[in-house]
Protein chains: 2
Amino acid sequence: MGSAGAVGPQLSRGEFGLLVLGLLGRRQMYGYEIVSELKGSTEGAIDLAEGTVYPALRRLERDGLIVGFWVDTRSGPRRRYYRLTPQGESALDEGRADWARFKAAADTVLGS
Amino acid sequence: MGSAGAVGPQLSRGEFGLLVLGLLGRRQMYGYEIVSELKGSTEGAIDLAEGTVYPALRRLERDGLIVGFWVDTRSGPRRRYYRLTPQGESALDEGRADWARFKAAADTVLGS
DNA sequence: GCCGATACCTAGCGATACTAGGTATGAACA
DNA sequence: TGTTCATACCTAGTATCGCTAGGTATCGGC
């Protein structure tokens with residue numbers, strides 16, 4: 001699934017997971033950073049709660065799409081950074097394609 | 001809610017409801033028609049199950065965004081048509097704006 | 001009379017997004 | 001010293017959603 005099926009199921013459920021994946025496709029990041037980066041880079045249009053992001057990261061790691069590792073800091077609590085696995089890169093590619101198709105389809109329906 | 005908040009919550013939960021609303025913004029339709037119309041006009045990219053569409057229609061009606069009415073047919077079972085209420089039109093406008101913002105934000109994140 | 005296409009509906013399941021908390025670290029300041 | 005703040009992580013519980021997998025009913029054609 002993912003590449004062949006209709007977009008609906010993919011995007012409706014793993015939508016935000018895909019966005020997290022997209023961020024991690026640029027560079028490795030930690031959860032708290034992802035929350036503020038998402039909000040900042042989208043001018044507040046996408047403002048996910050921590051309670052959304054942390055479980056999403058766990059699911060992505062559970063599914064083998066990302067790997068996490070602890071990094072100690074000089075100031076403040078340690079951070080758990082994540083980066084994409086090869087599987088994650090593939091999933092991101094598929095996700096981007098799914099997103100493009102869904103976007104086009106939704107635009108057709110919404111008449112934008 | 002709707003106009004002011006971040007797009008995420010709106011779209012992730014009412015996403016398909018918005019698409020149904022978008023179809024009904026063009027003309028009144030009945031459930032079964034919506035299913036095939038969605039699939040057809042998006043070339044299969046959006047293929048919602050009946051078990052998705054009928055409950056969505058009930059929610060939209062419950063929320064006052066659409067109204068349904070039975071129409072007898074000469075051939076086959078009767079149909080329940082739906083059309084937008086004034087509230088539904090406003091919600092569709094807001095939904096389109098939300099969609100545009102979310103689309104732009106997601107494109108930024110996904111780098112498309 | 002039976003089958004297929006149409007057209008509606010729902011219970012139950014799995015998954016998600018969010019709320020509303022909680023814990024812990026280190027810096028700044030009095 | 002100790003209190004507060006920003007950082008940074010986590011999770012239980014709740015509401016809701018999309019889907020599966022059924023079910024019912026109407027009408028035309030054979």
Side-chain angles (χ1 to χ4, degrees), chain A residues 1-2 5-21 28-40 46-63 65-66 68-82 95 98 102 106, chain B residues 1 5-21 28-40 45-63 66 68-82 98 102 106:
Chain A
M1 41 109 199
V7 179
Q10 312 298 334
L11 284 179
S12 67
R13 304 219 277 216
E15 191 175 308
F16 294 153
L18 175 60
L19 294 181
V20 170
L21 223 53
Q28 61 187 42
M29 296 177 74
Y30 56 98
Y32 197 83
E33 186 184 15
I34 290 175
V35 173
S36 59
E37 178 83 7
L38 259 181
K39 182 173 183 177
I46 295 175
D47 185 11
L48 300 187
E50 291 184 23
T52 298
V53 171
Y54 287 115
L57 286 169
R58 296 196 155 265
R59 287 194 297 270
L60 290 171
E61 187 169 29
R62 180 201 62 194
D63 296 340
L65 304 184
I66 62 178
F69 49 98
W70 290 105
V71 174
D72 282 331
T73 59
R74 289 276 154 64
S75 69
R78 60 184 184 166
R79 303 166 172 171
R80 187 161 176 83
Y81 278 86
Y82 293 91
D98 286 346
F102 178 78
Chain B
M1 44 110 195
V7 181
Q10 312 298 335
L11 282 180
S12 68
R13 305 223 276 214
E15 191 177 308
F16 293 154
L18 176 61
L19 294 182
V20 170
L21 223 54
Q28 61 186 41
M29 295 177 74
Y30 57 98
Y32 197 82
E33 187 183 14
I34 290 174
V35 173
S36 58
E37 179 83 5
L38 261 181
K39 183 173 182 178
I46 296 175
D47 185 10
L48 300 187
E50 292 183 23
T52 299
V53 171
Y54 287 114
L57 286 169
R58 294 196 155 266
R59 287 193 298 269
L60 292 171
E61 188 169 28
R62 181 200 62 195
D63 296 340
I66 62 177
F69 49 98
W70 290 105
V71 173
D72 283 330
T73 59
R74 289 277 153 65
S75 70
R78 61 186 184 164
R79 301 166 172 170
R80 187 163 178 83
Y81 277 86
Y82 293 90
D98 285 345
F102 178 78

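This is a predicted model, so every value here is computed, not measured. The figures that follow rest on heavy atoms only: side chains count, while hydrogens, waters and symmetry mates do not. Below, chains carry the letters A, B, ... as their sequence lines are ordered, and counting in each starts from 1.
Distance, B:F69 CZ to C:dC8 C1': 16 Å, rounded to whole Å. Straight-line distance from the OH atom of B:Y82 to the P atom of C:dC8: 8 Å, rounded to whole Å. Regarding B:R74, its CZ atom lies at a distance of 15 Å from the P atom of C:dA7, rounded to whole Å. Going from atom CZ of B:R80 over to atom P of C:dT10 covers 11 Å, rounded to whole Å. Here C:dA17 presents its P atom at 12 Å from CG of A:L57, a figure rounded to the nearest Å. Separating the CD1 atom of A:I34 from the P atom of D:dT7 is a distance of 16 Å, rounded to the nearest angstrom. At whole-Å resolution of the value, CG in B:D72 and C1' in D:dA25 are 13 Å apart. Atom pair A:L60:CG and C:dT16:C1' shows a separation of 12 Å (rounding to whole Å applied).
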**Item:** Pair A:K39-A:D47, salt bridge (charged side-chain N to carboxylate O under 4.0 Å, His left out): steps then yes or no
**Value:** CA-CA 5 Å; A:K39 182 173 183 177; A:D47 185 11; 3.6 Å; yes
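Contact between B:L60 and B:V20 at its shortest, heavy atoms only, is CD1-CG1, 3.8 Å.
Contact check, A:R59 against C:dA15: no side-chain N or O comes under 4.0 Å of OP1 or OP2. Close to D:dA8, at under 4.0 Å from its OP1 or OP2, lies a side-chain N or O of A:R79. The shortest distance between the side-chain N/O atoms of B:Y54 and the OP1/OP2 oxygens of C:dC8 is below 4.0 Å.
Residue-level contact check: A:S75 touches the backbone only, with heavy atoms under 4.0 Å from sugar-phosphate atoms and none from bases. Here B:G31 lies in heavy-atom contact (under 4.0 Å) with sugar-phosphate atoms only.
Using cut-offs of 30° and 60° for the angle between ring planes, the A:F69 and A:Y81 rings count as parallel.
Residue side chain A:E50 reaches the base of D:dC10 through a donor-acceptor N/O pair under 3.5 Å, judged by distance alone.
Summary of the strand contacts: B:R58 and B:Y30 both lie near DNA chain C, and taking for each the nucleotide with the nearest heavy atom, the more 5' one is attributed to B:Y30. The 5' end of DNA chain D is approached more closely, in terms of each residue's nearest nucleotide, by A:P77 than by the other of A:P77 and A:T52.
For the pair B:E50 (side chain) and B:Y32 (backbone), a donor-acceptor distance under 3.5 Å is absent.
Between B:E33 and B:R80, no side-chain nitrogen of the basic residue sits less than 4.0 Å from a carboxylate oxygen of the acidic one, so the salt-bridge criterion is not met.
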